[in-house]
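The sequence lines fix the lettering, A, B, ..., with proteins before strands; numbering per chain opens at 1.
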Protein chains: 2
Amino acid sequence: MPLGKPRGERADAKRNRLRLLATARRMMAEGGPESVTMDALAERAGLGKGTVFRRFGTRAGIFRALLEEEAVRFQELVLAGPPPLGPGAGPAERLVAYGRVRIGFLVDNLEVARAAMERDSRLPAVQVDMTFAHVRMLLRQADLGVRDPDSLAMQLAAALEGPLLLYVSSGRDAEAPGSEAGLRLADAWQDLVERLFRSGPK
Amino acid sequence: MPLGKPRGERADAKRNRLRLLATARRMMAEGGPESVTMDALAERAGLGKGTVFRRFGTRAGIFRALLEEEAVRFQELVLAGPPPLGPGAGPAERLVAYGRVRIGFLVDNLEVARAAMERDSRLPAVQVDMTFAHVRMLLRQADLGVRDPDSLAMQLAAALEGPLLLYVSSGRDAEAPGSEAGLRLADAWQDLVERLFRSGPK
DNA sequence: AATACAACCGGGGTAAAGTCCGTTTAGAAG
DNA sequence: CTTCTAAACGGACTTTACCCCGGTTGTATT
């Protein structure tokens with residue numbers, strides 16, 4: 001009993017999903033995230049409002065989807081990247097490299113990331129899970145003699161996640177547009193990790 | 001030139017502010033944060049909606065105010081507390097103690113904290129500022145030989161702030177109600193700090 | 001090709017956040 | 001006590017996220 005298919009996404013549904021994402025991106029480029037209202041999005045995409053909600057659940061869901069599209073690229077970069085990132089270097093080096101790239105990614109996608117957690121307050125779980133899993137993996141490999149490496153991984157992941165950057169980039173005077181702040185954070189991350197590893201494997 | 005007063009808060013305004021906060025707390029105890037709508041709050045407090053918005057700006061503002069009331073107690077505890085917290089111990093010990101207490105505080109106030117960042121996405125700046133400032137102070141005192149202690153402080157503060165806890169407490173199976181997760185985080189924090197300091201002051 | 005049904009579509013309806021502005025009042029000054 | 005004004009008040013109004021459900025369409029099966 002082959003049971004056919006796991007009931008995949010219907011062709012028309014897929015078409016509409018892509019159409020909506022594309023439209024959302026265009027609207028965002030033109031008028032910022034606030035301009036992407038559900039009504040306007042539906043109309044400009046030539047679809048009903050109900051359809052938009054069916055696909056994305058909430059407004060934040062749209063931005064999450066947008067962010068995830070980018071995250072796929074990011075993920076590939078990390079997994080298949082050259083040695084400081086991908087396999088081929090020590091855990092410390094990889095962790096440093098990963099953090100730097102991750103921070104850069106978030107800085108580049110600040111607006112979307114911010115919109116993605118509006119009205120949800122909880123972080124986009126998928127993203128955090130990815131970060132957490134990666135950090136945990138490297139931490140386990142490193143085999144520092146920590147009591148609870150997984151919780152440590154959680155704490156470290158916090159330093160690489162959206163809310164921190166949102167804070168840094170929102171409070172400060174309008175000058176440093178975020179990219180500079182991102183650089184400082186990346187350097188600090190490197191310091192943090194190196195210090196952590198220098199304290200010895202046991 | 002005494003210049004009179006800086007035009008303080010009017011008596012009726014103060015009365016109403018307190019009345020609103022008390023009402024909000026009561027409503028939250030009864031029906032959770034979702035039950036605190038602006039209309040309902042205004043009505044139950046016997047005031048107009050405009051008044052509510054004048055005082056708190058946004059819905060999240062109400063929860064921020066609530067959280068801040070608690071935070072005052074917390075702040076006093078930290079500043080005046082017995083030696084592991086207040087002055088009288090080394091920076092490492094103080095940092096560990098502070099983190100543990102801070103995590104506990106947030107776990108105790110998860111619901112309010114979550115509601116306080118709804119629809120704002122940026123953290124309650126006041127809170128983060130406090131945490132950041134405290135960590136930075138202790139870090140400077142410790143005089144590890146870090147290139148940029150302030151950025152490091154930022155990263156560490158991230159491990160003590162709301163979003164992290166929200167994530168930990170929301171994703172996991174419903175069993176560990178958060179207090180257990182908080183304990184693991186607190187232990188991990190201790191590990192992290194101790195390791196960081198063990199890596200030597202230069 | 002016909003049938004069945006699950007998934008999708010549309011758009012009017014609801015509730016709640018946030019805005020506006022005319023009215024009222026606290027409290028300082030004369 | 002009267003006057004004056006900045007601040008506070010109220011509640012109707014607007015906007016927008018989100019829900020509902022009858023009608024339509026894609027897809028698999030025979």
Side-chain angles (χ1 to χ4, degrees), chain A residues 1-21 23-24 27-28 31-66 114-122, chain B residues 1-21 23-24 27-28 31-66 114-122:
Chain A
M1 332 141 176
L3 117 86
K5 271 188 190 167
R7 275 306 189 187
E9 185 181 34
R10 237 166 71 171
D12 53 346
K14 175 170 183 182
R15 189 168 7 97
N16 287 341
R17 179 171 51 80
L18 295 177
R19 187 188 189 72
L20 282 169
L21 286 177
T23 307
M27 290 177 75
M28 220 174 102
E34 322 81 54
S35 76
V36 186
T37 76
M38 302 307 257
D39 286 304
L41 176 58
E43 175 160 18
R44 283 195 58 168
L47 296 169
K49 206 179 355 174
T51 306
V52 181
F53 276 95
R54 156 176 302 280
R55 306 236 53 92
F56 300 107
T58 85
R59 184 185 131 94
I62 292 171
F63 296 104
R64 264 203 297 276
L66 245 35
R114 166 178 282 127
M117 41 190 143
E118 257 170 23
R119 203 174 199 37
D120 248 353
S121 80
R122 73 170 182 288
Chain B
M1 279 154 215
L3 123 81
K5 269 190 191 168
R7 273 307 189 184
E9 185 182 33
R10 238 167 68 172
D12 54 346
K14 175 171 183 181
R15 189 169 7 97
N16 287 340
R17 180 171 51 79
L18 296 177
R19 187 187 189 72
L20 283 169
L21 286 177
T23 306
M27 290 177 74
M28 221 173 98
E34 320 82 52
S35 75
V36 185
T37 75
M38 303 305 256
D39 285 302
L41 176 58
E43 174 160 18
R44 283 195 58 168
L47 297 169
K49 193 158 44 149
T51 306
V52 181
F53 276 94
R54 156 175 300 279
R55 305 235 54 89
F56 299 107
T58 85
R59 185 185 130 95
I62 292 171
F63 296 103
R64 266 203 296 276
L66 246 35
R114 167 178 281 127
M117 37 191 147
E118 255 169 25
R119 205 174 198 37
D120 247 353
S121 80
R122 73 171 181 284

Inset, instruction - Would you mind reading off the distance between B:Leu47 atom CG and C:dT25 atom C1', rounded to a whole angstrom? - result: 14 Å

Inset, instruction - Please tell me which of A:Asp39 and A:Arg55 maps to the more 5' nucleotide of DNA chain C, matching each residue to the nucleotide holding its nearest heavy atom. - result: A:Arg55

Inset, instruction - Measure from the side-chain heavy atoms of A:Arg54 and tell me the nearest of C:dC9, C:dA17, D:dA17. - result: C:dC9

Inset, instruction - Answer with base, sugar-phosphate or nothing: what part of the nucleic acid does A:Ala11 contact at a heavy-atom distance below 4.0 Å? - result: sugar-phosphate

Legend entry - Phosphate OP1/OP2 of D:dA8 contacted by B:Thr51 side-chain N/O (<4.0 Å): no

Inset, instruction - Rounded to the nearest angstrom, tell me the gap between atom CG in A:Asp12 and atom C1' in C:dA7. - result: 8 Å

Inset, instruction - Report the distance from atom CD of A:Glu43 to atom P of C:dG12, rounded to the nearest whole Å. - result: 12 Å

Inset, instruction - Could you tell me the separation between the CZ atom of A:Phe56 and the P atom of D:dA17, rounded to a whole number of Å? - result: 14 Å

Legend entry - Atom-to-atom span, CG of A:Leu41 to P of C:dC9 - whole angstrom: 13 Å

Inset, instruction - To the nearest 0.5 Å, tell me how far A:Leu20 CG sits from A:Arg55 CZ. - result: 8.5 Å

Inset, instruction - Please tell me which of A:Thr37 and B:Lys14 maps to the more 5' nucleotide of DNA chain D, matching each residue to the nucleotide holding its nearest heavy atom. - result: B:Lys14

Inset, instruction - Report the nucleotide, chosen from C:dG18, C:dG10, D:dC18, that has the shortest atom-to-atom distance to any side-chain atom of A:Arg59. - result: D:dC18

Inset, instruction - Please report, rounded to the nearest Å, how far the P atom of D:dT25 is from the CG atom of A:Asn16. - result: 13 Å

Legend entry - Distance in angstrom units between A:Met38 CE and C:dA17 P, rounded: 18 Å

Legend entry - Upstream residue (5' side of DNA chain C) when B:Arg10 and B:Phe53 are each assigned their closest nucleotide: B:Phe53

Legend entry - Non-hydrogen atoms of B:Ala65 and B:Phe56 that approach each other most closely: CB-CE2, 3.8 Å

Inset, instruction - Please determine, for the side chain of A:Lys49, which listed nucleotide (D:dA17, D:dA7, C:dC8) has the closest atom? - result: D:dA17

Legend entry - Between C:dG27 (C1') and B:Arg15 (CZ): distance, integer Å: 13 Å

Tell me which donor-acceptor pairs under 3.5 Å the side chains of residues 33-52 of chain B have, and how far apart each pair is, sequence neighbours excluded?
residue, atom, partner, partner atom, Å
B:Ser35, OG, B:Met27, O, 3.3
B:Ser35, OG, B:Gly31, O, 3.4
B:Ser35, OG, B:Gly32, O, 2.7
B:Thr37, OG1, B:Ala40, N, 3.1
B:Asp39, OD1, B:Lys49, NZ, 3.3
B:Arg44, NH1, B:Glu30, OE1, 3.2

